[in-house]
> 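Quick one: this structure, given as structure tokens, is what I'll be asking you about.
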Amino acid sequence: MLTINFHPFQNIETERLLLRRLNENDADEVLALRSNPETMKYIPRPLAKNREDALGHINMIEEKIVTNTGINWGITLKGEPKIIGIIGHYKVSPENHRAEIGYMSFPEVNGKGYMSEAIKAVVAYGFEQMNLHSIEAIIDPDNIGSERVLQKNGFVKEAHILENELWEGRFLDTVIYSLLKRNWKK
Ligand SMILES: CC(C)(COP(=O)(O)OP(=O)(O)OC[C@H]1O[C@@H](n2cnc3c(N)ncnc32)[C@H](O)[C@@H]1OP(=O)(O)O)[C@@H](O)C(=O)NCCC(=O)NCCS
């Protein structure tokens with residue numbers, strides 16, 4: 001079994017971004033991200049309705065860090081304190097040395113390569129700091145932007161599962177992308 005230890009918490013710096021720990025001051029941005037039907041279109045989770053929901057999300061993320069069961073960062077542009085998105089290893093499976101990444105950002109900042117840059121850094125953290133063997137992402141087949149950022153980072157499509165998730169009365173397909181450490185090109 002892989003031992004996961006997120007302490008001390010590491011910020012991650014890339015060319016244009018600083019990935020940092022979320023805190024309660026990020027509640028407004030987290031609410032904006034998680035209450036927006038556009039950003040949540042392909043994420044089958046309830047829309048956040050108020051500040052309490054946003055704080056609950058931040059606390060859930062914090063709890064996972066504290067218990068070494070998952071890690072997420074707020075994505076910021078260097079020199080600007082407010083987050084433009086969230087990314088992380090949402091679910092970790094230490095027995096399989098594997099984790100699932102998830103990510104989201106505001107539509108206004110999409111298409112500038114920020115998420116590709118963030119994924120690259122979070123994948124490197126997963127393989128180098130967490131010592132993962134593989135990383136997966138589970139996406140909606142219609143989420144072309146998400147598919148694209150994964151492909152740009154070397155992930156390969158491994159499965160398209162038909163109607164395996166029941167969400168709001170509809171059975172949704174899911175697509176699984178993954179990357180093995182040995183196929184990772186740093
Ligand atoms: C998916 C998402 C993270 C992409 O973020 P981003 O900052 O736009 O990503 P990048 O700029 O790094 O790259 C996006 C790529 O997808 C392409 N793309 C985006 N939407 C597209 C579409 N509808 N059709 C074709 N290509 C598309 C862009 O052209 C770009 O590719 P390129 O660099 O080859 O031109 C962002 O749109 C998002 O947060 N969406 C809402 C939340 C979400 O769905 N998260 C993923 C859940 S699994």
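Order of listing sets the numbers, starting from 1, for every ligand and every atom in it.
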> Can you find a pair of side-chain heavy atoms, one from Ile65 and one from His7, that are under 4.5 Å apart?
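Yes - at least one pair of side-chain heavy atoms lies under 4.5 Å apart.
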> Can you check whether Gly113 has an N/O within less than 3.5 Å of an N/O in ligand 1?
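Yes: some nitrogen or oxygen of Gly113 is under 3.5 Å from one in ligand 1.
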> Within 4.0 Å of atom 26 (N) of ligand 1 (strictly less), any protein heavy atom?
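Yes, there is one.
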> Does either side chain, that of Ser134 or that of Arg98, offer a donor lying less than 3.5 Å from an acceptor on the other one?
yes
> In terms of atom number and element, which parts of ligand 1 are under 4.0 angstrom from non-hydrogen atoms of Lys112?
11 (O)
> Would you please determine whether Gly102 falls within less than 4.0 Å of ligand 1 on a heavy-atom basis?
no
> Which is it for Arg148 and ligand 1 at heavy atoms under 4.0 Å: side chain, backbone, both or neither?
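It is the side chain that touches ligand 1; the backbone stays farther off.
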> Is there a protein heavy atom less than 4.0 Å away from atom 35 (O) of ligand 1?
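Given the 4.0 Å limit, the answer for atom 35 (O) of ligand 1 is no, no protein heavy atom qualifies.
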> Is there a side-chain contact between Leu22 and Glu62 (heavy atoms, below 4.5 Å)?
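No - every pair of side-chain heavy atoms lies 4.5 Å or more apart.
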> For Glu128 and Lys186, run side-chain contact (heavy atoms from CB on, under 4.5 Å): C-alpha distance rounded to whole Å, both residues' side-chain angles, the deciding distance at 0.1 Å, then the answer.
CA-CA 10 Å; Glu128 291 177 336; Lys186 200 176 168 186; 2.7 Å; yes
> So, is Tyr103 polar-close to ligand 1, with some N/O to N/O distance under 3.5 Å?
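Yes, Tyr103 has an N/O under 3.5 Å of an N/O on ligand 1.
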> So, is Thr39 polar-close to ligand 1, with some N/O to N/O distance under 3.5 Å?
no
> If Ile, Leu, Val, Met, Phe, Trp and Tyr residues are connected whenever their side-chain heavy atoms lie under 4.5 Å apart, and connections chain through other members, are Val109 and Ile83 in the same group?
yes
> What do you think, any protein heavy atom under 4.0 angstrom from atom 3 (C) of ligand 1?
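At least one protein heavy atom is under 4.0 Å away.
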> Any donor-acceptor pair under 3.5 Å linking the side chain of Asp26 with the backbone of Asn23?
yes
> Of Lys152, Lys112, Lys78, Arg16, which meets salt bridge (Lys or Arg N to Asp or Glu O under 4.0 Å) against Glu117?
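Exactly one option meets the salt bridge (Lys or Arg N to Asp or Glu O under 4.0 Å) with Glu117, and it is Arg16.
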> Enumerate the atoms of ligand 1 whose separation from the nearest heavy atom of Gly111 is less than 4.0 angstrom.
6 (P), 7 (O), 8 (O), 11 (O)
> Looking only at N/O atoms, are Asn110 and ligand 1 under 3.5 Å apart anywhere?
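Asn110 vs ligand 1: N/O contact under 3.5 Å present.
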> Show the numbers, then the answer: is there a side-chain contact (heavy atoms from CB on, under 4.5 Å) between Arg21 and Phe6?
CA-CA 11 Å; Arg21 197 169 191 157; Phe6 297 128; over 6 Å; no
> Would you say Lys120 has more than 12 foreign heavy atoms packed within less than 6.0 Å of its NZ?
no
> State, with a plain yes or no, whether a side-chain heavy atom of Pro107 is found less than 4.5 Å away from one of Asn36.
yes
> Given Asp140, Ile144, Ile75, identify the one with the heavy atom nearest to atom 23 (N) of ligand 1.
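Of the listed residues, Ile144 has the closest heavy atom.
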> Can you name the atoms of ligand 1, numbered from 1 with element, that are less than 4.0 Å from a heavy atom of Gly145?
1 (C), 16 (O), 18 (N), 19 (C), 20 (N), 21 (C)
> In terms of the angle between their ring planes, are Trp73 and Tyr125 parallel, tilted or perpendicular, with boundaries placed at 30° and 60°?
perpendicular
> Within the structure, does Val149 bring an N/O atom to less than 3.5 angstrom of an N/O atom in ligand 1?
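No: no nitrogen or oxygen of Val149 is under 3.5 Å from one in ligand 1.
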> Which atoms form the tightest heavy-atom contact between Ile138 and Glu136, and what is the distance?
CD1-OE2, 3.9 Å
> Which protein heavy atom lies closest to atom 39 (O) of ligand 1, and at what distance to 0.1 Å?
Ser105 N, 2.8 Å
> Can you tell which of Glu117, Met115, Lys41 gets a heavy atom nearest to atom 7 (O) of ligand 1?
Met115
> What protein heavy atom is closest to atom 1 (C) of ligand 1, reported as residue, atom name and distance in Å?
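Going by distance alone, atom 1 (C) of ligand 1 is nearest to Ser146 N, 3.5 Å.
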> Report yes if Lys152 has an N/O atom closer than 3.5 Å to an N/O atom of ligand 1; otherwise report no.
yes
> What protein heavy atom sits nearest atom 44 (O) of ligand 1, and how far away is it?
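Nearest neighbour among protein heavy atoms for atom 44 (O) of ligand 1, to 0.1 Å: Asn143 ND2, 2.8 Å.
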> Numbering the atoms of ligand 1 from 1, which are under 4.0 Å from a heavy atom of Ile139?
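The list of qualifying atoms is 48 (S).
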> Would you mind running through ligand 1 and noting each atom that sits below 4.0 Å from a heavy atom of Ser116?
10 (P), 12 (O), 13 (O)
> Looking at Leu150, Asn153, Val149, which one forms a side-chain contact (heavy atoms from CB on, under 4.5 Å) with Tyr177?
Leu150
